[in-house]
Amino acid sequence: MSGGRTVRRTLMGIAVCGALALGLAACGDDEPSGGGGGDTTAASAAKAVALLLPETKTTRYDEQDKPLFEAKLTELCPDCTLSYQNADQDSAKQLTQAEAEITKGVDVMVLDPVDGKAAAAIVDKAKAAGIPVISYDRLLLDSEPDLYISFDNEQVGTLQGEALAEKLKTDGNPTGPIVKINGSPTDNNATLFKKGSNAALKAAGVKILIEYDTPDWSPDKAQTFMDGQITKLGKDGFKGVYAANDGTGGGAIAAMKSAGIDVTTIPTTGQDAELAAIQRILVGEQFMTVYKAIKLEAEAAAQAAVDLANGTTPSSATSTVNNGKIDVPSILLTPVAVTKDNVKDTVVADGFYTAAQICTGDFAAACTEAGIQ
Ligand code: BGC
């Protein structure tokens, strides 16, 4: 153990106390327990874990990723502590949050970067302090994370593009045209969603009138962009909308609705299987979303975090992804396209949502129609 590492362990006691509000560990669990009996095995098992997520406008982070990660961490390591930070789409804020965790001396950092390139500075600092880093969901570029856990993100784009092209064909508009709303240009995932969807749309001969990269994945900015396109192209000027996720799709649908467009006639894509999107899909306001089993992703990350915090190399990586600097050992999970036809067999069957969560008020009839009860 290096000198720097010893300092980190001492500082970690503070982190343990600071994390009490999360209810994960008793303050002082980092120290030998058992009435001074010197139970060093228990002491060395108590690790400090930092989870840094990028934003709150997309519901998955606070509703799925964080609680699922925390539950698995508690199960695997009841004495471990979790420090959770959300950057609210602000890359500078994320740097400050990460620096604070590094100063505290956490044992492992799980980082979903706002800006994949800018966050290389975080990885460099963490690694210099001996803290392993997991690239969570979004790839950390030009740096040396220990592991990357995500979905096959190009495949997410392919599923969106193929489903939209297919629907346009069924609607009698095989060539579109469509308006295309991509994700944040600082998110490597957005680049992959764009790559997969553009290839699928091109192969099907769908015409893209205009493409927009939504800063920070902001639903509001997607809505404003769509407002402008409706004014420019006219209400009948496009036959579908590609939106990279449910937040931006929701923004586009809101813009169309307020312009008086019948959104059930304009297929719009999404991603994340957000509750509001699943409800929109059931009533025909959104055409599809992409379900990603976040439970598997968050649990794989918690397992790997415990391994890395204990100095063990996680054995779960099945491939590598080059991030511009190294081939990062990676776990890439499989996304699934969801339309009205398979809501029941995907998100409901998987326990992502219960029927009661989806089938509220206005959605009850659509639920019955889709066989969800
Ligand atoms: C994630 C998506 C999410 C988006 C916006 C992407 O990196 O993979 O699930 O909708 O970021 O936060």
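Nothing here was measured: the structure is a model prediction, and the numbers come from that model. Just follow the structure's listing: the first ligand is 1, and inside any ligand the first atom is 1.
Of the residues listed (Lys57, Lys93, Gln94), the one engaging Asp88 in a side-chain hydrogen bond (donor to acceptor under 3.5 Å, both in side chains) is Lys93, and it is the only one.
No side-chain N or O of Gln64 forms a donor-acceptor pair with one of Lys295 less than 3.5 Å apart.
Remark: Lys340 pairs with no residue by the salt bridge (Lys or Arg N to Asp or Glu O under 4.0 Å) rule, at least two apart or across chains.
No salt bridge links Glu274 with Arg60; every basic N to acidic carboxylate O contact stays at or beyond 4.0 Å.
Residues lining ligand 1 at a heavy-atom distance below 4.0 Å are given as Glu55, Thr58, Arg60, Tyr61, Asp137, Arg138, Asp187, Asn189, Phe193, Trp217, Asn245, Gln271, Asp272, Lys292, ordered by chain and residue number.
Between Met226 and Phe238 there is a side-chain heavy-atom pair separated by less than 4.5 Å.
When every heavy atom of Ala273 is checked against every heavy atom of Phe352, the shortest pair comes out as O-CE2, 3.4 Å.
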